[in-house]
Amino acid sequence: MPELPEVETTVRALRKKILGRKIKGAVATAPQLFHDKKLFRNIGRALRGDKFSAIDRHGKYLLFRLRSGRTMIAHMKLTGHFLVKDKKQKANDIHKHVRFRTDFADGGALLFSDLRKFGRCWLLAPNEVPEFFDDRKLGHDALSKEVSEVYLRAKLRRNRAVKSLLLDQTVVAGIGNIYADELLWMAKIHPLHKGLSLSEHEAVEIHKAMRDILHRGIKAGGTSIRDYRKPDGSSGYFQMLRAVYQRAGQPCPRCKTPIKRIVVAQRGTHYCPKCQRKN
DNA sequence: TCGTAGACTCGGCGTC
DNA sequence: CGCGGCCGAGTCTACT
């Protein structure tokens, strides 16, 4: 289910568990996981003998740095998640939708489970990484220091619904449907408010709410509605803190007005019609 | 009025 | 039917 907090939670857990372990082999079972069909068949040979030396994140992308200098980039899309299995467990014991596994020489493994098979992986040479993100025009990470109040306001100055802008990964990278709704509720901004007509004060509120809600999501270990799990199999608990997402008809935590559901940018959108006034 | 960029809409992608 | 993500194709519209 990954948005920025779930990806960050995953990255932090994986750093503790898989860095420095020697890779014995790898197998992919969903051809669409790798765009490159040759790589799909040869991923075992490609990774054998290598080690993960660092794990980074940009928006919703994970970057697995390899000692060989290459980078394996992964995107979990809607239902993907990484799990680390120890040598005693069988893969099927911890998940039945494993599409890709990297086996370590010590008997453990890194598993990528993805019910809907929307996830994607790329294995890139060092010089290919910058162009990978340039091609996608990916914006700065939502929590990076580059995304200041002034910068965010400038990026939101367009004639589009602010929610649609927040979901646009070229504006700022990492925000998805849950955290967009939650941060707009926190900032008291209507999801259909045009970016162009945001006041300076409103832009500052959005910036503050964005950082606050993403940090809270990380602190909670992510949101575990449906099938998102942390790499140890446990659940995050941000769903306990949700104010509006998928709470249509339930009372707004601030004013008790029933939460409304509309569709913005083809995505279910939840807001308080009293707290979040339209322009 | 024309051309263009940007915005919007829809369908698709596997699965439960 | 819905869904946390995102892409491509096609269409519309607003501006210069």
Side-chain angles (χ1 to χ4, degrees), chain A residues 1-10 28-35 40 57-62 73-82 95-100 112-122 132-133 135-139 141-142 155-185 191-197 213-214 216-218 220-230 235-249 261-270:
Chain A
M1 103 58 337
E3 299 183 33
L4 188 154
E6 290 73 37
V7 181
E8 179 65 21
T9 300
T10 300
T29 53
Q32 56 273 68
L33 181 61
F34 288 92
H35 263 102
F40 163 69
R57 180 186 62 73
H58 187 153
K60 303 170 193 174
Y61 289 90
L62 297 101
I73 296 182
H75 196 302
M76 306 194 270
K77 294 289 182 91
L78 272 81
T79 58
H81 46 279
F82 285 94
H95 212 290
K96 59 179 174 176
H97 302 295
V98 173
R99 314 300 185 190
F100 175 45
F112 180 68
S113 164
D114 184 13
L115 182 147
R116 294 179 72 181
K117 300 184 192 173
F118 289 176
R120 291 289 179 277
C121 290
W122 298 260
F132 176 87
F133 292 113
D135 288 350
R136 287 163 178 73
K137 299 183 168 65
L138 197 66
D141 188 84
K155 294 291 277 187
L156 294 177
R157 283 190 144 265
R158 292 164 70 180
N159 189 26
R160 280 167 62 184
V162 63
K163 164 137 182 193
S164 155
L165 289 164
L166 290 169
L167 291 176
D168 184 340
Q169 303 300 297
T170 71
V171 171
V172 145
I175 299 167
N177 208 30
I178 297 174
Y179 295 94
D181 281 3
E182 294 298 323
L183 83 85
L184 287 172
W185 176 82
L192 288 174
H193 196 112
K194 297 281 187 178
L196 210 48
S197 60
I213 212 78
L214 293 175
R216 286 198 211 195
I218 292 167
T223 309
S224 293
I225 53 173
R226 281 183 280 282
D227 61 353
Y228 170 75
R229 290 297 177 274
K230 293 196 259 180
S235 299
Y237 59 88
F238 185 83
Q239 65 276 11
M240 312 298 288
L241 308 174
R242 273 181 304 149
V244 289
Y245 183 74
Q246 287 196 345
R247 300 188 85 96
R261 182 185 188 276
I262 58 173
V263 175
V264 180
Q266 284 89 245
R267 317 297 298 279
T269 297
H270 316 75

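Just so it is clear, the values below take in all heavy atoms, side chains as well, and ignore hydrogens, waters and symmetry mates. In the text below, chain A, chain B and the rest are named by the order of the sequence lines, each starting its count at 1.
- Between the CD atom of A/Gln32 and the C1' atom of C/dC7 there is a distance of 16 Å, rounded to whole Å.
- Nearer to the 5' terminus of DNA chain C, by closest-nucleotide assignment, is the contact made by A/Arg136 (compared with the other of A/Asn159 and A/Arg136).
- Rounded to a whole Å, the NE2 atom of A/His81 is 13 Å from the P atom of B/dC16.
- Not one N or O on the side chain of A/Gln32 forms a donor-acceptor pair closer than 3.5 Å with the backbone of A/Lys117.
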For DNA chain C, the dot-bracket pattern of Watson-Crick and G-U pairs whose distances stay under 3.5 Å, | for other-strand partners:
.|..|||||||||||.

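- Within the structure, every side-chain polar atom (N or O) of A/Lys77 is placed at least 4.0 Å from both OP1 and OP2 of B/dC13.
- Both stacking criteria are satisfied for A/Phe118 over the base of B/dC13: a centre-to-centre distance under 5.5 angstrom and an angle between ring planes under 30 degrees.
- Regarding contacts with the backbone of B/dC8, a side-chain N or O of A/Lys194 is found under 4.0 angstrom from either OP1 or OP2.
- Ring-plane geometry between A/Tyr61 and A/His75 is classed as perpendicular, the angle between the planes exceeding 60 degrees on a 0 to 90 degree scale with a lower cut at 30.
- At C/dG5, none of the side-chain N or O atoms of A/Gln169 fall inside 4.0 Å of OP1 or OP2 (strictly under the cut-off).
- The nucleotide whose nearest atom lies closest to any side-chain atom of A/Leu115 is, among C/dC7, B/dC8, B/dT15, B/dT15.
- Rounded to whole Å, atom P of C/dT13 lies 19 Å from atom CG of A/Leu196.
- On the P atoms, C/dT16 is 14 Å away from B/dA7, given to the nearest whole Å.
- Here B/dT15 is the nucleotide among C/dC7, B/dT15, C/dC3 with the atom lying nearest to any side-chain atom of A/Arg99.
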Applying side-chain hydrogen bond (donor to acceptor under 3.5 Å, both in side chains) to A/Thr269 and A/Lys163, what does each step give before you reach the verdict?
CA-CA 9 Å; A/Thr269 297; A/Lys163 164 137 182 193; 3.0 Å; yes

Output, in order, the C-alpha distance, side-chain angles, deciding distance and verdict of salt bridge (Lys or Arg N to Asp or Glu O under 4.0 Å) for A/Lys77 and A/Asp114.
CA-CA 9 Å; A/Lys77 294 289 182 91; A/Asp114 184 13; over 6 Å; no

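- For the atom pair CD1 of A/Ile213 and OH of A/Tyr179, the computed distance is 8.0 Å after rounding to the nearest 0.5 Å.
- Taking 4.0 angstrom as the limit, A/Gln266 places none of its side-chain polar atoms (N or O) nearer than this to OP1 or OP2 of B/dC8.
- Atom NE2 of A/His58 and atom C1' of C/dG5 are 16 Å apart (whole Å).
- As judged by a 4.0 angstrom heavy-atom cut-off over every strand, A/Arg158 is placed among residues touching the sugar-phosphate backbone only.
- Within 4.0 Å (heavy atoms only), A/Arg242 reaches no atom of the nucleic acid at all.
- The side chain of A/His75 places no N or O atom within less than 4.0 Å of a non-bridging phosphate oxygen (OP1 or OP2) of C/dG5.
- Inspection of the A/His270 and A/Asp181 side chains reveals an N or O donor paired with an N or O acceptor under 3.5 Å.
- Protein atom CG of A/Leu167 is 13 Å distant from nucleotide atom P of C/dC7, rounded to whole Å.
- The backbone N or O of A/Lys60 sits nowhere less than 3.5 Å from a side-chain atom of A/Glu3 that would complete a donor-acceptor pair.
- Of the P atoms belonging to C/dC1 and B/dG11, the separation is 14 Å, rounded to the nearest Å.
- Remark: aromatic rings of A/Trp122 and A/Phe34 are distant, center separation not under 6.0 Å.
- In terms of polar N and O atoms assigned as donor or acceptor, the side chain of A/Arg160 never comes within less than 3.5 Å of the base of B/dC8 in a complementary pairing.
- Look at A/Lys117 and you'll find a side-chain N or O under 4.0 angstrom from OP1 or OP2 of B/dT15.
- The distance from atom CG of A/Leu62 to atom P of C/dG5 is 14 Å, rounded to the nearest whole Å.
- Regarding contacts with the backbone of B/dC16, every side-chain N or O of A/Arg116 stays at 4.0 angstrom or more from both OP1 and OP2.
- Side-chain atoms of A/Glu182 come within 3.5 Å of backbone atoms of A/Val244 as a donor-acceptor pair (strictly under, hydrogens ignored).
- As a whole-Å value, the separation of A/Asp114 CG from B/dT15 P is 10 Å.
- Atom C1' of nucleotide C/dC3 and atom OH of A/Tyr179 are separated by 16 Å, given to the nearest angstrom.
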